[in-house]
Amino acid sequence: MSKIDKLQILGVRSFGNKVGETIQFGTPLTLIVGWNGSGKTTIIECLKYVTTGELPPNSKTGGAFIHDPKLCGEKEVLAQVMLAFRSTSGVRMVATRKLQLTVKKTTRSQKTLEGSLLMIRDGERHSISARVADMDAFIPQYLGVSKAILENVIFCHQDDSLWPMSEPSVLKKKFDEIFEALKYTKAIENIKLLRRKQNEELAKYRIIEQHAKEDKEKRDRAEKRSTELYDQIEAMRTEVGNINAKLTEAQEKAKEAYGHAARYEQIVAQLNGKRIALRVNRESVTELELNLKQMAESDDDLQSMLDQYEDRITLYGQQSEQLRQQYSDFKHELEENRAALGLKQSEIGKHEEQKAQHNRRLQQRESLIKEAAKRHGIRGFDYDITDKQVANFLETIGKMSRDRNRALDKARQDTQEEHRSALNVVNQLNESKSALNQRKETSRSQIQTNDRRISDIQKSMNEIHVDEGGEAILRDKKKETEQRLMSANSEADSERFDDHIREADTALRMLDEKKEALEAELVDATRFARDSAQIEYAQDELKGAEHSLETMKGVHGPRISQLVDTEWELATLENSFQRVLAEKGSKVKEGESHRDITQAKLDGINFKLANNESEQKKKRSELQKYEQTIRDAIGQGDILDFEETLQDLEERYEMASSDQAKFQAQIEYMQACLQVAEEHNQCRLCRRSLKDNKAEHFTRAGFISSIEKIIEKASNNAQNDDADELLAEVEHARKAKPSYELAMRVRDTELPALQLESAQLTSERELVNKQLEEQDSLVYDLQNAKHEVESLSKNVQSIISYHNQARELESKIKDLTAIQKAAGLSRGIDVIQEDLKKIGDEGRHAKASLTRLSADRDKFRNLVTTLELRIRDITAELNNAQTKLKEKRGLVDRIEELKTHNSEQRGAIQGIDKDIQSLLPQIEQAQAKCDDINRRGNERIQRLQDESSALADSVRQLTFVEQEISAYIDRGGPQRLAKTHRDIENLQGEIHRLDEKLIQATRQVKKIEDIMRDVENTKRAIGDNLRYRKAKRTLETLQVEIEELESHNAEQDKDRYEREAYQWQNDINKLSTEQARLYATLTTKDDQLKDLLEEWKANYADAAYKYREAHIKVETTKAAVEDLGRYGGALDKAIMKYHTLKMEEINRIIEELWKNAYQGTDVDKIRIRSDNETAKGNRSYNYRVVMVKQETEMDMRGRCSAGQKVLASIVIRLALAECFGTNCGLIALDEPTTNLDQQNIKGLAESLSEIIKIRRKQANFQLIVITHDEQFLRDMNCADYTEHYWRVGRNHEQQSEIRRQNISEVA
């Protein structure tokens, strides 16, 4: 979107011709403040001139827009306006326009010099001269708005700011320029003229046009039917997709349930192992208790007693430990085998279900074959069916389905032909009736429109309350006010306010300079008294800075060491951080560069693929063209029959060229042969009997059939022996032979080569895509590493800031300590303060004098401004009164014209009613005939379609079941089931072997323990007690572990998940059955759609090639006429729609702005009313601004005050800028508070503030406000939107200058 940046003015009006003045425009608000006559409006004039090339009003000749040469003592002055802006595409541009004013002895000569447009794009500068380009058209285009918007809305001159209240003709011209209506009106006129010429040629070919219409209706019906089938297929595909999703979900759920069951099988195995160990330990404890002699000593005491026997029992202990380790290993291996057994058991359930489903498919296939055979009357399939019988049945029922489809197609074609003929008659009658009704409605609409216009015109006449007496009064008021203005100007010049103000301002500045010198002296005197306090304060600050520095180092130091430098120092931290950050950025750029190269490679491959596809499309189009040429030549659908057909035509031509007697003799001889064969069952020539011989492929019926074909062919040749007609057909076919050769070359050679190349490019694209994804991942990792370093930026800056602050405070403390030793003052503080008080009193007196002079000057200026505005208002009222008188006389004549036109239309309606009544009986009779034909044809087609659908459904169901059966065998279902059974048996054997080893290991451990018990009684008792106590603890531990495992309810959960898996498997079976049914129906629909598309291609797609050159010319002419009509109508409707939408948007914004800005209660809202001038033909509108009072709408022109005019004009311009300035969010308001009271000024300011607040997010929104009312700026809250404003004033040479100042001065 476009945006203006800077404006430089040199030598324009009051701006000097030596040094240019520059102003920079910001977003969202630019304020320009200055007194009347300072040159504020000149800025708007320069913006309008540099963008549109239009000079201000009354300045196009005479050089009024250029700085007067007399003021600078020169005979020639050059003016220049430069504007820097950005175009809608973001390109920086500088537009320059130049003018020259030359003063001669008696005349002034103004001349426009060469302008230029500088574009800066990608660092390159391109300059366009006004000699080679139309800058008036280019600059609005680059700004994104029309010239009319720039002139009348964005940079509207103060003298033209009330144009919305202008007379109707001026207002219409303005809005027509804004809506750019003229170029569209000319386009519509050109379209109508061209269409009229085409209609004159089309009148010669009306009969052929009807045939084209019939072909179009056939095509439309075929397209409608294909669309319906396509929608049905898409709906069924959606349903199939849903079922597939459900099937996938069920399979996942079943798999999940089997997995859960396997996991709980492991827990159950662990529980059983724990129970076995518990039983063994309990038996051990029981055995120990039988022969145990209880001892009261503690375990430590018993162990101490046992240590003396350590040498003897060490060996037994080691053996026992080895056996226990073997026991643990066997136990772990046993648990792993049991877990594997659980997984295999879940897997075998899945394979068993697949086998059961396969058996059900076999039964389903046999059932479907028997049912289909019974339903369709096919014999021999009532008992057990073999695989060979299945294949035979599929072939038989497929042939029956194709036969039914051919019968259905023939019935459809016959019905369509008969119904089309009847429907043509009905359509012709209905078209005649519609044309009459349309003419009748047009006449009625015209009468109603005329009545509304008469009422509106009469209302407008009643609202005009102007006469010649009021006009004379306005002339006198204008003359009196002009005299008062001249008197006020003379009095203001005699007072010389500017000179007095300049003198007072000079004195005030001198006093300020003296005051500043005294204040500096006073500061030096008091500074030494504060040095001690400053040193203490600086020391406290130093402590705080050092504490903050240590805190930051402790918190962020480790991360800085990790990411930046392990041995970082405060002095070099910033350089180290920037170096690491630069390295990370370099790596990111390098990765992105590699990725961009790969992306470019991928783009090249995609470009080649696109070219390949385009070439394939072109070759297919050529192939279709060649095939159509061949079909036209041979009259058949398959081009492969071309050579055979051409040979047959040549043979027929040769036969037709022979003598007629030859044909007759051949017929008589062959009839005699046929008679002998039928009566005597022998060949007339060789006298052999006719017997069937399968070895030689000879049959009596075939022999007789061949003789009958020869007779039939000879008879046809005898009847159709027109050699000239056959010669023409042969020549036509021979001309098509080059097309046949080209078609075969394209189909067999060129298209396959392109398809192979496409496949290779697709494979290469996949490889490059994979490489690009890897590079994207690498770039992402590098960017993350860079972002981690960047995240330390604020922390590093804080550490450096605290370090620098501490060093500065140390230096400050040192300096202040040295300064305390300096010498004292030359004067006392009391003397300096007395001088300051005296200077202050003199300054206040000078300011009061300056304020009084400024107030007096402003008083006279306001009086002059008020009188000037009063003259302008009176002039506007006078012009309005003159326009109303002229308008009133024109309205009377218009009413008489409309009444005459209404009488003519009523007579036309009566004649049309009589014509319609005569057509009604004919339409009813033709419609009844058409309905009867359609009903009979639909009944026949429905019957055949039901038979065909039943056969197709049977074929699809059988095919799907056969595919499922074959798929189970192909993927090795039985082999997988047998393999799983073998795996389970092996696992069970291994588990049994491990159980035996566990029992054996337990027995060996027990044996060693028995041996160890035999070592002396004391030793045995001690050992028994220790083992008994340990076994008790082990028993308690096992009991706790068993209770914990039992708390999981593993056995119940295992059974539950097995049942859940079985339920999900049942759902899978049901969904698979439903899926098979939908696939069968979907295939049937696909075949129907394919047949319909083939019929469309064969009969309707290439209908244009079947017509001769004359027909093609007619169709082209008709299409051109219809297109021109549609284009004209569409353009007219588009203009109407665009105009309506824009006017609604404009009025909506106007109403909202008016309600926010206008503080009065007499006008509820305002809007722009647009009235259509003509009911038909080119669209044209009259515009007027109306106000609504208590739901009553009245014209504002002539009824509103000067303030209401100003406010309404501003609101309308703001609305137009928002609607038409989307690409250029810019508007300038020059003195918007003129003639507004304080309440409405405040309302307007608040509205503008709200607009800025809403649109400030728009990057190119720029509001330029020019005013001298500083209270208006404060009401706008301008300090919230900008930090400075521009003040326009006069320098000592009375030339305008622009200065940038802080917004706080006015806000």
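None of the values given here were measured: they were computed from a predicted structure. Heads up: numbering here begins at 1 and tracks the sequence.
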Exercise for the section: Please determine if Asp1195 and Arg1184 form a salt bridge, counting it only when a charged side-chain N lies under 4.0 Å from a carboxylate O. Expected result: yes

Problem - 4.5 Å side-chain heavy-atom contact, Asn152 and Asp160 - result: no

Completion exercise
Residues Met135 and Gly115: closest non-hydrogen pair is SD-C, 3.7 Å

Exercise for the section: Please check if any side-chain donor atom of Asn1156 sits under 3.5 Å from a side-chain acceptor atom of Glu1152, or the reverse. Expected result: no

Handout entry: Heavy-atom closest contact (Leu113 atom, Gln100 atom, distance)
Key = CD2-OE1, 3.7 Å

Handout entry: Ion pair Arg1199/Asp1162, N-O distance below 4.0 Å
Key = no

Practice task
Please answer whether the main-chain N or O of Ile1298 pairs with a side-chain N or O of Glu21 as donor and acceptor at a distance below 3.5 Å.
Solution key: yes

Problem - Arg1290 side chain vs Gly37 backbone, donor-acceptor pair below 3.5 Å - result: yes

Problem - Carboxylate-amine/guanidinium contact Lys18 Glu74, below 4.0 Å - result: yes

Practice task
Give a yes-or-no answer on whether the side chains of Arg13 and Ser59 include a donor-acceptor pair shorter than 3.5 Å.
Solution key: yes

Practice task
Might you confirm whether atom NZ of Lys1142 has over 12 heavy atoms from other residues, nucleotides or ligands at distances under 6.0 Å?
Solution key: yes

Problem - Beyond-backbone contact of Leu101 with Leu99, side-chain heavy atoms, under 4.5 angstrom - result: no

Problem - Any side-chain heavy-atom pair of Thr96 and Gln80 under 4.5 Å - result: yes

Exercise for the section: Take atom CG of Asn58 as the centre, draw a 6.0 Å sphere, and report whether it contains more than 12 heavy atoms from other residues, nucleotides or ligands. Expected result: no

Practice task
For the pair Ser2 (side chain) and Asn1223 (backbone), establish whether a donor and an acceptor sit closer than 3.5 Å, ignoring hydrogens and angles.
Solution key: yes

Handout entry: CD/Gln1294: more than 12 non-hydrogen atoms of other groups inside 6.0 Å
Key = yes

Problem - Non-neighbouring partners of Asn1302 that pass side chain to side chain contact (heavy atoms under 4.5 Å, CB included), sequence neighbours left out - result: Ser1304

Exercise for the section: Under the salt bridge (Lys or Arg N to Asp or Glu O under 4.0 Å) rule, collect the residues that match up with Arg1167, sequence neighbours excluded. Expected result: Glu1193

Problem - Shortest non-hydrogen separation from Ser1247 to Ala1157 and the atoms involved - result: OG-N, 3.3 Å

Problem - ring-ring contact (aromatic ring centres under 6.0 Å, His included) partners of His126, counting only residues at least two apart - result: none

Problem - More than 12 heavy atoms from other groups under 6.0 Å of NZ on Lys147 - result: yes

Handout entry: Near-ring test Trp1286/Phe25, centroid separation under 6.0 angstrom
Key = no

Problem - Exam field: side chain Trp163 to backbone Lys174, donor-acceptor pair closer than 3.5 Å - result: no

Problem - Test item: Ser1249 side-chain N/O and Glu1246 main-chain N/O as donor-acceptor pair under 3.5 Å - result: no

Exercise for the section: Please confirm whether the backbone N or O of Pro164 pairs with a side-chain atom of Arg1213, one donor and one acceptor, at under 3.5 Å? Expected result: no

Exercise for the section: Check whether any side-chain heavy atom of Ile128 sits under 4.5 Å from a side-chain heavy atom of Met119, and report yes or no. Expected result: yes

Handout entry: Salt bridge present between Glu1270 and Arg1287 (N-O < 4.0 angstrom)
Key = yes

Handout entry: Residues Glu1151, Lys1155: salt bridge by 4.0 Å N-O rule
Key = yes

